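Notes for the one structure printed next.
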Amino acid sequence: MKTTSAETASAAPVPGGDTVLVEFDDGIAWVTMNRPEKRNAMSPALSNEMLAVMNALEIDTRCKVLVLTGAGAAFSAGMDLKEFFRAPPEREQIIRTNAQWQWRQLMFYPKPTIAMVNGWCFGGAFTPLVSCDLAIAAEEAVFGLSEINWGIIPAGVVTKAVAQVMSQRDALYYIMTGETFDGRKAAAMNLVNEAVPLKDLRARTRQLAVTLMGKNPTVLRAAKTAYRRVRDMSYDDANDYLMAKNDQSRLLDPEKGREQGLKQFLDEKSFRPGLGGYKRDA
């Protein structure tokens with residue numbers, strides 16, 4: 001059952017409503033960048049509202065998985081050049097807010113995140129795309145690192161984000177040529193997990209979100225955070241961190257998932273790893 005702003009007015013308010021729209025749908029929060037007339041180019045107003053939305057959804061029980069997408073025919077055309085490159089005196093504050101939602105907070109968000117790339121995805125939009133845990137794109141989506149054509153480089157942390165998921169050859173090719181590519185190519189280069197026809201995009205994204213909602217949320221959060229943290233660690237440091245993180249998740253897990261899984265596997269013989277998850281009471 002989908003819940004809109006009007007339908008929840010008597011219950012909890014729905015965050016956003018201007019440059020960011022939120023729709024609740026059985027545990028999924030569909031978060032939409034809403035500047036379709038600008039191909040959802042990210043403005044200071046959008047950054048401020050997105051940060052407020054993310055803060056609200058972090059503690060909103062209606063949100064178990066956050067899906068980030070764009071209104072109309074675009075995911076996002078990147079940064080609004082006029083508002084960012086000809087910014088007012090508070091430019092540094094604007095940049096900090098932008099970085100806060102796009103990667104500092106989104107990359108380590110406590111709930112699973114999926115980027116649903118429905119159309120144009122350019123420049124600065126690569127940062128929140130990569131910051132999401134998973135990404136599904138329409139085959140028809142158009143991607144591009146076109147900064148070279150504007151006489152600038154993919155700055156902010158765009159180049160860093162791209163280097164996290166794409167090979168050196170692929171990343172440098174598109175950074176240096178400014179050429180565009182479609183969703184199929186994005187999947188082949190590991191920029192997104194997979195590409196599907198646009199008509200199937202929302203259904204496939206929803207299917208993935210439902211899969212994530214079936215997992216133990218405490219362990220899921222620990223697993224994705226641990227992955228982000230250990231990527232740049234030595235093996236010794238990663239070993240210490242992961243053992244501590246595992247102990248932390250066991251301590252904080254109200255489901256006692258490890259105990260449930262072991263009991264069902266060893267004692268009850270009702271759980272076979274690799275063929276599905278343990279039966280959750282929660």
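The chain is numbered in sequence order, starting from 1. Keep in mind that what you see is a predicted model, and the values were worked out from it rather than measured.
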K38 NZ: over 12 foreign heavy atoms closer than 6.0 Å: no
Would you say F75 ends up clustered with W120 if hydrophobic residues are merged whenever their side chains have heavy atoms under 4.5 Å apart, either directly or through other cluster members? no
Over all atoms of both residues, closest heavy-atom pair of L21 and D18: CD2-O, 4.1 Å
Minimal heavy-atom distance between A71 and T32, with the atoms involved, is N-CG2, 3.3 Å
Look up atom CG in D200 and atom CD in E139, then write down how far apart they are to the nearest 0.5 Å. 8.5 Å
Electrostatic pair K111:E58 at N-O distance under 4.0 angstrom: no
Examine W103 and V130 and state if one hydrophobic cluster contains both, with Ile, Leu, Val, Met, Phe, Trp and Tyr joined whenever side-chain heavy atoms are less than 4.5 Å apart. no
V14 with M33, same ILVMFWY side-chain cluster at under 4.5 Å: yes
Please say whether more than 12 non-hydrogen atoms of neighbouring residues, nucleotides or ligands are located less than 6.0 Å from OH in Y241. yes
Around atom CD of Q168, are there more than 12 heavy atoms from other residues, nucleotides or ligands closer than 6.0 Å? no
If you define the side chain from C-beta out and look only at heavy atoms, does anything of N118 sit under 4.5 Å from L201? yes
Show, in sequence, the C-alpha distance, side-chain angles and deciding distance for L106 and C132, and conclude whether the side chain to side chain contact (heavy atoms under 4.5 Å, CB included) test is met. CA-CA 7 Å; L106 184 57; C132 285; 4.0 Å; yes
Kindly determine whether R206 and D25 satisfy side chain to side chain contact (heavy atoms under 4.5 Å, CB included), including the steps that lead there. CA-CA 9 Å; R206 192 179 195 286; D25 176 12; 3.3 Å; yes
Side chains of N98 and S47, donor plus acceptor under 3.5 Å: yes
Is it true that a side-chain atom of Y109 and a backbone atom of D133 form a donor plus acceptor pair closer than 3.5 Å? no
Quick one, N193 and L208 - any side-chain contact, counting heavy atoms below 4.5 Å? no
Hey, is the main chain of I136 close enough, under 3.5 Å, to the side chain of E194 for a donor-acceptor pair? no
Taking the six-membered ring of W30 as reference, does the NZ or CZ atom of R202 fall below 6.0 Å from its centre and within a 45° cone about the axis? yes
Check E147 against G123 and note the closest heavy-atom contact, atom names and distance. OE2-CA, 3.1 Å
Across all chains, not counting sequence neighbours, the side-chain hydrogen bond (donor to acceptor under 3.5 Å, both in side chains) partners of K263 are none
Which distance, rounded to the nearest 0.5 Å, do you find between the CG of L212 and the NZ of K215? 8.0 Å
Answer yes or no: is there a donor N or O on one side and an acceptor on the other, between the side chain of S131 and the main chain of Q102, under 3.5 Å? yes
Could you pull out the closest heavy-atom pair between V162 and A171, with the gap in Å? CG1-CB, 3.6 Å
How long is the straight-line distance from CZ of R39 back to SG of C121, given to the nearest 0.5 Å? 13.0 Å
How about S146 and N149: does a side-chain donor come under 3.5 Å of a side-chain acceptor? no
Below 4.0 angstrom, N of the basic side chain to O of the carboxylate: do K64 and D26 qualify? no
Is there a donor-acceptor pair closer than 3.5 Å between any side-chain N or O of R231 and the backbone N or O of Q164? yes
Checking ring-ring contact (aromatic ring centres under 6.0 Å, His included) for the pair F181/Y174: CA distance, chi angles, key distance, verdict? CA-CA 9 Å; F181 53 95; Y174 288 104; 4.5 Å; yes
Taken in chain and number order and not counting sequence neighbours, the residues that satisfy side-chain contact (heavy atoms from CB on, under 4.5 Å) with I153 are A155
Judged by atom type as modelled, is there a donor-acceptor pair below 3.5 Å linking the side chain of R62 to the main-chain atoms of A12? yes
Mark yes or no for whether Q264, through its side chain, and K279, through its backbone, hold a donor-acceptor pair below 3.5 Å. yes
Just do the side chain to side chain contact (heavy atoms under 4.5 Å, CB included) check on V65 and T113 with the steps written out, would you? CA-CA 6 Å; V65 175; T113 57; over 6 Å; no
Are any side-chain N or O atoms of S249 and backbone N or O atoms of N246, one a donor and one an acceptor, separated by less than 3.5 Å? yes
Would you indicate whether L266, at its atom CG, is surrounded by more than 12 heavy atoms from other residues, nucleotides or ligands within a distance under 6.0 Å? yes
Is the terminal nitrogen or CZ of R229 (NZ for Lys, CZ for Arg) located under 6.0 angstrom from the six-membered ring centre of F108 and within 45° of that ring's axis? yes
Would you tell me whether N216 and Q260 have side-chain atoms, one donor and one acceptor, within less than 3.5 Å of each other? no
Provide the closest heavy-atom pair for A195 versus G183 in the form atom of the first, atom of the second, distance. CB-O, 3.4 Å
Backbone N or O of G214 within a donor-acceptor pair of the R280 side chain at under 3.5 Å? yes
What's the spacing between T225 OG1 and K245 NZ if we round to 0.5 Å? 5.0 Å
Can L242 be reached from V219 by stepping across I, L, V, M, F, W or Y side chains whose heavy atoms are under 4.5 Å apart? no
In the single-linkage hydrophobic clustering (I, L, V, M, F, W, Y; side-chain heavy atoms under 4.5 Å), do V192 and I175 co-cluster? yes
Rounded to the nearest 0.5 Å, how far apart are CG of L262 and NZ of K256? 13.5 Å
Give me the atom names and distance for the closest heavy-atom approach of G144 to F126. O-CE1, 3.5 Å
Taking it one step at a time, do Q105 and N55 satisfy side chain to side chain donor-acceptor pair (under 3.5 Å)? CA-CA 9 Å; Q105 193 154 330; N55 286 336; 2.7 Å; yes
Determine whether a donor-acceptor pair (N or O, by modelled atom type, separation under 3.5 Å) exists between the side chain of N48 and the backbone of P44. yes
Is there a side-chain contact between S270 and Y278, using heavy atoms and a 4.5 Å cut-off? no
From CA spacing to verdict: side chain to side chain contact (heavy atoms under 4.5 Å, CB included), I148, M176: CA-CA 7 Å; I148 195 74; M176 295 173 70; over 6 Å; no
For the residue pair L46 and N40, establish whether any side-chain heavy-atom pair is separated by less than 4.5 Å. no
Side chains of M79 and F122, heavy atoms from C-beta outward: is any pair under 4.5 Å? no
Atom CD of Q93 with >12 non-hydrogen neighbours under 6.0 angstrom: no
Could you measure the distance from the CD atom of E37 to the CG atom of N34? Nearest 0.5 Å is fine. 7.5 Å
Is any side-chain heavy atom of D182 closer than 4.5 Å to a side-chain heavy atom of V142? no
Given side chains that start at C-beta, do those of K185 and L191 come closer than 4.5 Å, heavy atoms only? no
Side-chain contact, heavy-atom cut-off 4.5 Å: L66 with L57? yes
Backbone N/O of F265 and side chain of R272: donor-acceptor pair under 3.5 Å: no
